[in-house]
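Read through the structure below, which is laid out as structure tokens, and then see the notes.
Below, read A as the first sequence line, B as the second, and so on, with proteins coming before strands; counting in each chain starts at 1. Just so we're clear, the structure is a prediction, and the values are computed from it rather than from any experiment.
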Amino acid sequence: MESLTLLLANEEATHAAGAALLSATNGIGLIALQGDLGSGKTTLVRGLLRAAGYQGRVKSPTYTLVEPYSEIGHGIYHFDLYRLADPEELEYIGIRDYLEEKALILLEWPERGEGLLPTADLTLMLSYQAFGRKLQIIAGNPYGLEIIKKWPEQTIF
Amino acid sequence: MIILGIETSCDETGVALYHLEQGLLGHLLYSQTATHALYGGVVPELASRDHIQKLLPMVAELLQQQQIASSEISHVAYTAGPGLIGALLVGASVARALAFGWQIPAIAIHHMEGHLLAPMLERPAPSFPFVALLVSGGHTQLVAVKGVGDYQILGESLDDAAGEAFDKTAKLLGLGYPGGPALARIAANGDSSAFHFPRPMVDRPGLDFSFSGLKTFTMTSWRATNQDATSQANIARAFEDAVVDTITIKCKRALKETGYRQLVLAGGVSANRHLQQTLRAVADQEGFDLFYPRQEFCTDNAAMIAHAAAYRLGDALRHHCFEVHPRWPLSQLQPAKDLPKHN
């Protein structure tokens, strides 16, 4: 199974998908998040962070580019590359240091970093449906496949 | 004593001169908005490069304009955070280098403290204690202000900041990014009864905000229309009404909880006319005093940084090591070490 499609009926379901992502990755990997504004990318990340034990504010990193968290003993980094004009700017952010770490990297707008970023292990695509959201999970490499295999059963509709 | 203030936390380059007895002497602001509009938002590295090019010529221009010699400057104040790290580093390096060269102390200022104290640049000025509403692209906070540096966060946005919600909603409506001010302009022509948006979190106790869900509401409403200019204006209006109402309800609640009688608006979104008018009406009705600075001091500027430094002379440092803080909670600030007497 190279991809998985879930229907997320409401915000709770999106949170649950975030929690499932944490559990399936065990907190390590490069995860691309795609979807229009308001499709639930930050909501999914909030679900993941709540499952990791983080209770504080989860804001979208649109303005700050990256929001770091350290709840699971190593880094969870939530990036939004929307405001990058050139992938080269990732060098100034110190992207190599982030990528070398044992960490979970959640990346919105990964296409803005094309050329400087390795292929994501997993791509999560969120889209609007008449009711709720659709979540498509696509593996980018063998590690991504492993993550899909470990995706908790109960969240598959 | 004259303080030179420097602001470079995002895409505005600002310099200002503040005289301890005479108040603000003058300030200059260069906005990079036109540069960034080509890219649809602030580009962090472009912002840093622009600050490098603009900052020193602007300092020279302001000194020339005000007929002030560099030897008359007693302190250099600069924004040390929060903001974009590259942009902050430019301002901090220039400020520290000038202070080192002129052999005077430098003062690191918290950008949001600058905003929070900015209404005190105006007359009449609020007096402590007051409730401050900080609303900008990166922040939505209600703060109990007991004195300089004595801040208690009463509530804040759990997700998108108000300004961010304006920018993102504008984008959903096809107004470009960042389109917050454009959205506010067309909202003025909208019919407020055409759509009704929820007022997030007003039914729950507490003073936190949540604006993220309004994006879904905007999208659903927008898709159900024929996406013409009228629907655009009507949805913009419904969105702005929802944000302004929510903020108003929380401000009233904050005043009630603290027992304070003064409300201070600060940050870029406080320039929003609808927000100012609504709160003015409520203030008249409920009998509290409302303060907000003129438009040029609502948005990012260096006047507020030089002004805030006047309250923080006790924090001035002569050494030339420095750090900047891209993330810097306002609640981590310490009360000012001494309060100089000035106007």
Side-chain angles (χ1 to χ4, degrees), chain A residues 8-12 14-15 35-47 49-50 54-70 77-95 108-109 112-113 126-133, chain B residues 9-11 35-36 38-49 81-87 89 136-141 153 155-161 163-165 167-173 177-178 208-220 222-224 326-327 329:
Chain A
L8 309 172
N10 49 32
E11 192 177 343
E12 283 67 48
T14 308
H15 279 161
D36 292 335
L37 267 180
S39 60
K41 300 183 292 292
T42 300
T43 306
L44 189 140
V45 173
R46 182 179 309 115
L49 289 166
R50 291 281 181 265
Y54 175 78
Q55 289 306 322
R57 174 185 178 201
V58 179
K59 55 180 227 150
S60 134
T62 311
Y63 283 84
T64 50
L65 292 177
V66 56
E67 290 287 334
Y69 302 90
S70 56
Y77 300 102
H78 183 195
F79 280 88
D80 184 345
L81 306 186
Y82 185 76
R83 300 189 308 136
L84 283 193
D86 191 305
E88 189 202 340
E89 291 177 1
L90 282 171
E91 293 282 11
Y92 299 101
I93 299 171
I95 191 74
E108 298 187 24
W109 290 89
R112 300 267 164 132
L126 282 153
S127 52
Y128 281 92
Q129 299 292 293
F131 297 97
R133 308 283 191 267
Chain B
S9 65
C10 189
D11 60 344
T35 314
H36 297 291
L38 295 171
Y39 298 98
V42 181
V43 182
E45 278 319 307
L46 277 185
S48 309
R49 277 175 238 159
L84 301 169
I85 186 155
L89 278 170
S136 67
H139 292 81
T140 305
Q141 288 184 324
I153 309 296
E156 62 186 327
S157 177
L158 301 176
D159 40 57
D160 293 354
E164 185 175 7
D167 283 342
K168 289 186 171 175
T169 300
K171 178 153 196 296
L172 289 173
L173 293 176
Y177 185 92
D208 287 334
F209 302 87
S210 166
F211 294 117
S212 172
L214 292 175
K215 294 198 293 276
T216 304
F217 218 81
T218 301
M219 203 59 201
T220 316
W222 182 233
R223 288 192 170 185
R327 290 215 295 180

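The nearest pair of heavy atoms linking A:K59 to B:D159 is CB-O, 3.5 Å. Shown here for B:L158 and A:R57, the closest heavy-atom pair between the two residues is O-CG, 3.3 Å.
Rounding to the nearest 0.5 angstrom, the gap separating the OH atom in A:Y82 from the NZ atom in B:K168 is 9.5 Å. Expressed to the nearest 0.5 Å, how far CG of A:L37 lies from CG of B:D167 amounts to 10.0 Å. Here the OH atom belonging to A:Y128 is positioned 6.5 Å from the OG1 atom belonging to B:T220, to the nearest 0.5 angstrom.
For a residue to count as touching a neighbouring chain, one of its non-hydrogen atoms must lie under 4.5 Å from one of that chain's; by this rule B:S157 touches chain A with backbone and side chain alike. A:S60 touches chain B through backbone and side chain together, each having a heavy atom under 4.5 Å away.
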